[in-house]
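As the structure is a computational prediction, the values presented were derived from the model and not from experiment.
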Amino acid sequence: MLISGFMKYGRWEESMWYFEMNPFKNVVSWTAGISGFLKNGFSFRGLKLFLRLLESGVKPNQVTFTSVISACIETGDFELGMSVLGLIVKTGFEDNVSVCNSLITFCLRMREFDLARRVFDRMETRDVISWTAILDMYVEMGDLGEARRIFDEMPERNEVSWSAVIARYSQSGDHLEALKLFRQMVQEGLRPTVSCFSCILSTLSNVKNLQAGRNIHAHVKKIGIEGDVFISSSLVDLYCKCGDTKDGQFIFNSIKKKNVVSWNAMLGGYSMNRQTDEAKYFFDNMPTRSNVSWGIIIGGYVENKQFDKVFEVFNEMLLSGETPTKLTFSSVLSTCASVASLEKGKDIHGKILKLGFHYDVYLGTALTDMYAKSGDIESSKQVFDRMSERNEFSWTVMIQGLAESGFAEDSLSLFEEMKRSSSVAPNEFMLLSVLFACSHCGLVDKGLEFFGAMESVYGQKPKERHYTCVVDMLSRSGRLHEAEELINSMPFQPEANALAALLSGCKTYKNEEIAVRTARKLGEFAEKNSAGLVLLSNIYASAGRWVDVSNVRKLMREKGLKKSGGCSWVEVRNHLYSFYSEDGAHSKLAEIYDILELLRSEMMAP
DNA sequence: CGGCGAAGCG
């Protein structure tokens with residue numbers, strides 16, 4: 001008792017002293033020692049103690065084994081776990097429910113899902129914990145359907161089982177189902193746990209339901225768990241996601257024992273509210289950082305298109321010795337794609353290879369996309385071909401990459417290959433690429449065929465973009481009447497781009513009549529819609545009608561609209577320098593102009 | 001003395 005008493009407060013040195021001094025060690029005191037080490041994060045020492053227990057001749061019991069398996073989970077050593085399993089069988093504990101429960105968890109943490117299922121299947125009696133463990137396995141595998149089936153069929157459910165499915169629905173974006181289950185759980189008279197409250201708070205923050213979030217806030221306050229780090233971190237997240245960093249800050253400041261997650265929640269709050277400077281300041285002053293913190297700050301810069309900062313901070317991260325997460329790599333890769341920096345992309349590809357992350361579907365997809373967007377379609381294809389597993393996103397980026405790089409035929413045949421060889425269903429993005437590909441290699445009738453099949457065959461209702469693409473396709477090939485008809489038959493307002501595409505077709509094929517009608521439509525459209533105004537001004541500009549251009553620009557100013565500013569960048573010695581056409585410009589603008597002036601006078605000199 | 005759950009996100 002004394003031992004576990006000290007262990008509880010992290011004073012394991014003292015407790016071990018008592019343990020060693022105790023001449024009458026029995027299985028309970030040994031087990032207490034092992035689990036004490038575990039609770040304080042010293043699983044390896046716990047395992048060494050277990051070996052000493054075996055040497056001493058004391059027989060371990062079922063409690064010892066459950067603790068030892070937990071230690072194996074911590075160390076992540078599968079072989080070790082298997083040796084312990086051997087011992088369990090030898091000592092006849094293989095039918096003990098608790099031991100089996102911990103074995104299931106061990107197997108699923110080692111991602112040995114088949115083995116976990118075998119352990120579960122051979123159990124004669126199972127309790128709610130066994131069922132929850134196997135439920136968790138399907139949750140972990142991402143098989144939400146099977147998880148739900150298990151959940152519905154479980155003979156008994158406890159608050160942990162509910163938590164597991166609710167969390168999964170929340171994470172996979174089905175917030176409404178998560179909320180529904182939460183309500184059902186409460187109705188069935190179960191008291192949501194701390195983790196369940198924190199999970200439902202994050203669900204509410206994802207759907208930005210501030211009112212319901214406030215209600216939960218009031219409730220957790222009433223039952224006295226407001227101060228829990230999980231709860232309070234979720235609250236910080238809730239208020240920040242709803243755009244209120246001030247309230248988020250208030251909660252954050254009130255957290256007594258902040259951990260890295262609370263710090264990250266607040267950091268994310270600044271990042272997502274476009275307060276990148278505050279975020280950076282906060283980040284620089286954080287007492288604890290994890291690779292997640294780096295990921296958040298980098299993600300914030302990506303979101304705000306501050307691409308130079310992305311690389312700057314990413315380099316800093318690598319120098320600090322922190323290993324980027326897959327998410328961080330994918331943010332940085334998307335930045336490489338945005339600025340079409342092949343060199344940087346290749347560099348990062350190398351780093352990913354070194355870490356062995358290239359087997360990851362997610363990163364493989366990000367690499368495929370980066371190469372395609374940077375113009376290196378060969379490498380893009382190579383990465384894609386080597387991926388051992390491909391999901392919907394992987395196929396989408398490759399089909400899109402080929403279509404947009406001008407390899408229309410390859411894009412179309414890859415689409416056919418996907419339908420043949422994979423279980424991935426065509427989505428709206430792929431179909432858009434397919435239409436784009438048809439449009440760009442003049443396969444108008446084939447394109448129309450795909451367009452017609454979208455809803456009937458692929459179950460995808462054509463959206464504005466699809467219509468625009470087909471209008472563009474028809475206009476490019478001179479089928480102006482069909483294009484105009486399509487615009488008139490659309491079930492919604494056409495995009496300004498569709499009108500512009502038809503207009504440019506009219507210009508190419510010299511059709512004054514349709515041009516006049518379309519221009520009038522675009523004009524009407526522009527009165528309500530800023531995108532129309534921007535396009536209209538571009539069309540006037542290309543026709544050299546400068547008076548009209550200046551009228552439209554004036555209208556835009558009156559409406560407080562701004563054409564998004566131009567941006568350019570240059571890479572010098574591993575650093576990306578951005579230049580903006582309007583405000584912000586560059587901090588060394590004056591110096592740059594001075595040097596330009598100097599260069600100019602040099603050139604002018606005889 | 002023990003076994004099931006938990007935060008950042010494309």
Under-4.0 Å side-chain N/O to phosphate OP1/OP2 contact, A:Arg109 with B:dG3: no
So, OP1 or OP2 of B:dG10: does either fall under 4.0 Å of a side-chain N or O from A:Lys326? no
Would you say the side chains of A:Asn264 and A:Ser293 form a donor-acceptor pair under 3.5 Å? yes
If we count only N and O atoms by modelled type, under 3.5 Å, do the side chains of A:Ser130 and A:Asp127 hold a donor and an acceptor together? yes
Is the distance between the ring centroids of A:Phe252 and A:Phe282 under 6.0 Å? yes
Check whether the ring centres of A:Trp395 and A:Phe384 lie less than 6.0 Å apart, and answer yes or no. yes
State, with a plain yes or no, whether a side-chain heavy atom of A:Arg390 is found less than 4.5 Å away from one of A:Thr365. no
Could you check whether any side-chain heavy atom of A:Val313 comes within less than 4.5 Å of a side-chain heavy atom of A:Lys280, counting everything from C-beta outward? yes
Using a heavy-atom cut-off of under 4.0 Å over every strand shown, decide if [X] touches base, sugar-phosphate, or nothing.
X: A:Gln62; answer: base
X: A:Ser198; answer: nothing
X: A:Phe65; answer: nothing
X: A:Arg157; answer: nothing

Residue [X], side-chain heavy atoms: nucleotide from [options] that is nearest:
X: A:Val261; options: B:dA7, B:dG2, B:dG3; answer: B:dA7
X: A:Leu327; options: B:dC9, B:dG2, B:dA6; answer: B:dC9
X: A:Thr105; options: B:dC4, B:dG3, B:dA7; answer: B:dC4
X: A:Asn96; options: B:dG5, B:dC1, B:dG2; answer: B:dG2
X: A:Tyr362; options: B:dG2, B:dG5, B:dG10; answer: B:dG10
X: A:Thr193; options: B:dG2, B:dA7, B:dG5; answer: B:dG5
X: A:Val160; options: B:dG3, B:dC4, B:dC9; answer: B:dC4

Protein-nucleotide distance ([X], atom [atom1]; [N], atom [atom2]), rounded to Å:
X: A:Phe393; N: B:dG10; atom1: CZ; atom2: C1'; answer: 6 Å
X: A:Met272; N: B:dG10; atom1: CE; atom2: P; answer: 11 Å
X: A:Leu333; N: B:dC9; atom1: CG; atom2: P; answer: 19 Å
X: A:Asn40; N: B:dC1; atom1: CG; atom2: C1'; answer: 14 Å
X: A:Asp360; N: B:dG10; atom1: CG; atom2: C1'; answer: 12 Å

May I ask you to decide whether A:Arg122 forms a salt bridge with A:Asp95, counting only side-chain N to carboxylate O separations under 4.0 Å? yes
Any donor-acceptor pair under 3.5 Å joining the side chain of [X] to the base of [N]?
X: A:Asn101; N: B:dG2; value: no
X: A:Ser102; N: B:dG3; value: no
X: A:Ser67; N: B:dG2; value: no

Ring pair (Phe, Tyr, Trp, His ring centres under 6.0 Å) with A:Trp294: of A:Phe329, A:Phe314, A:Phe283, A:Tyr301, only one passes, and it is A:Phe283
Axial cation check for A:Phe42 ring with A:Arg45, 6.0 Å and 45° limits: yes
Heavy atom of residues 128-140 of chain A under 4.0 Å from DNA chain B: which residues? A:Ile129, A:Thr132, A:Asp136
Heavy atoms within less than 4.0 Å of DNA chain B: which residues of residues 226-243 of chain A have one? Give them sorted by number. A:Phe230, A:Asp237, A:Lys241
